[in-house]
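Notes to accompany the following structure.
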2 protein chains.
Amino acid sequence: MGTESEAYTFDWRSVCSITSGLDVLGDKWSLLIVRDLIAHGTRTYSEFRESPEHVSTNILADRLRLLTSLGIIERTNPDGVARNNAFRLTPSGAALRPVLEEIGKWSQTYLKQFHSNMVDSV
Amino acid sequence: MGTESEAYTFDWRSVCSITSGLDVLGDKWSLLIVRDLIAHGTRTYSEFRESPEHVSTNILADRLRLLTSLGIIERTNPDGVARNNAFRLTPSGAALRPVLEEIGKWSQTYLKQFHSNMVDSV
DNA sequence: CCGCATCCGTTACGATACTG
DNA sequence: CAGTATCGTAACGGATGCGG
């Protein structure tokens, strides 16, 4: 298939806003990219790779493309070459902070019994 | 494999609380089960199936088992037969309400341009 | 009927190797 | 350094079967 792609086509499962949010963000990696950008401001491809969860390259590239196409993240130098061209949050992406905060608070309260060495974040 | 199973074993990707939350809830279905229980109080297996997203039976059974094993949901009649034995939220599950609210608010603000007939919920 | 388990084709994921 | 190609594995999703 094409090496370049815009136009992610979404199959929205229903008109429910929660469902639609999960259609986009309901996976194990997308919100971690947002987390890294909240924590660090900008982040290059290889810096994302250094995060402790160690996302694989194809998943990372796919999610960066997806989040970019939805206007959640963007390149810091849109017209530059990819090399050392970092990503940052758009206002849409920055608005995900409360989602991450609530997930973090819930996990610390209700998941610690299953995962004792858990730690704060964001 | 076994018809009965407790003991879901989790591979926590890191000590980050957000990551751990996504290890558990980072998929397209688990939080929709929680949504239905917030909206309706209790819900039987077949009632979950009637939700507009139409989860398939094996996924639903798997998620109900997972959420139960983590103490997020429970049977209304723990010692009764499965038939017409509804599920409800535990305090842990009820505490996920702010997560769903934030996802819903974000989607209504930033996803409506991609999904115009989206609607409120929870 | 209701609550699943099983089967099976399709899609997504994940590790690694490789390229401009 | 920023990805893409490949390929084996796991998850998903629909259909169906089956016991209670």
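Just so it is clear: chains get the letters A, B, ... in the order the sequence lines come, proteins before strands, and each one is counted from 1. What you see below is based on every heavy atom in this structure, not just the backbone, and it leaves out hydrogens, waters and symmetry mates.
- The side chain of D27(B) sits closest to dC12(D) out of dT4(D), dA5(C), dC12(D).
- Per the geometry, CZ belonging to R43(B) stands 12 Å off P belonging to dG3(C), to the nearest Å.
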Checklist line | Sequence-aligned protein contact record of nucleotides 13-20 of chain D, with B where the base is within under 4.0 Å of a protein heavy atom and S where only the sugar-phosphate is | finding: BBB----B

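- Across all their heavy atoms, L22(A) and I103(B) have their closest contact at CD2-CD1, 4.3 Å.
- Proximity of R65(B) to the phosphate of dG3(C): no side-chain N or O atom is located under 4.0 Å from OP1 or OP2.
- If you take CG of L22(B) and P of dC13(C), they are 14 Å apart, rounded to a whole angstrom.
- Residues passing the side-chain hydrogen bond (donor to acceptor under 3.5 Å, both in side chains) test with R75(A), sequence neighbours excluded: none.
- What separates CD of E47(B) from P of dC4(C) is a distance of 13 Å, to the nearest Å.
- By the salt bridge (charged side-chain N to carboxylate O under 4.0 Å, His left out) test, R13(B) is found to be paired with D23(B), residues two or more places apart in sequence or in another chain being considered.
- Regarding D11(B), its CG atom lies at a distance of 11 Å from the P atom of dG14(C), rounded to whole Å.
- Rounded to whole angstrom, the span from the CG atom of N85(A) across to the P atom of dA2(D) amounts to 9 Å.
- For the OP1/OP2 pair of dC2(C) and a distance below 4.0 Å, the side-chain nitrogens and oxygens of S46(B) include no atom meeting the criterion.
- When the side-chain hydrogen bond (donor to acceptor under 3.5 Å, both in side chains) test is applied to K105(A), the partners found at least two apart in sequence or on another chain are E102(A).
- One can place CD1 of I33(A) at 14 Å from C1' of dG3(D), the figure rounded to the nearest angstrom.
- Taking side-chain N and O atoms only, R49(A) has no distance below 4.0 Å to OP1 or OP2 of dG14(C).
- For the helix from dC1(C)-dG20(D) to dG20(C)-dC1(D), the rotation axes defined at the first and last 5 base pairs enclose an angle of 30°, given to the nearest 10°.
- For D27(A), the side-chain hydrogen bond (donor to acceptor under 3.5 Å, both in side chains) partners two or more places apart in sequence, or in a different chain, are S30(A), R63(A).
- Evaluation of the salt bridge (charged side-chain N to carboxylate O under 4.0 Å, His left out) rule for E74(A) yields R88(A) as partners, not counting sequence neighbours.
- Residues meeting the side-chain hydrogen bond (donor to acceptor under 3.5 Å, both in side chains) test with N84(B), sequence neighbours left out: none.
- Note on R75(B): only backbone sugar-phosphate atoms sit closer than 4.0 angstrom, heavy atoms only; bases stay farther off.
- When all heavy atoms are compared, the tightest approach of W12(A) to F114(B) is NE1-O, 3.5 Å.
- Considering only the side chain of R63(B), dC12(D) comes nearest among dC12(D), dA2(D), dG3(C).
- Within the structure, every pair that satisfies the salt bridge (Lys or Arg N to Asp or Glu O under 4.0 Å) test and touches residues 51-60 of chain A, not counting sequence neighbours, is listed here: R35(A)-E53(A).
- Distance, E53(B) CD to dC12(D) P: 16 Å, rounded to whole Å.
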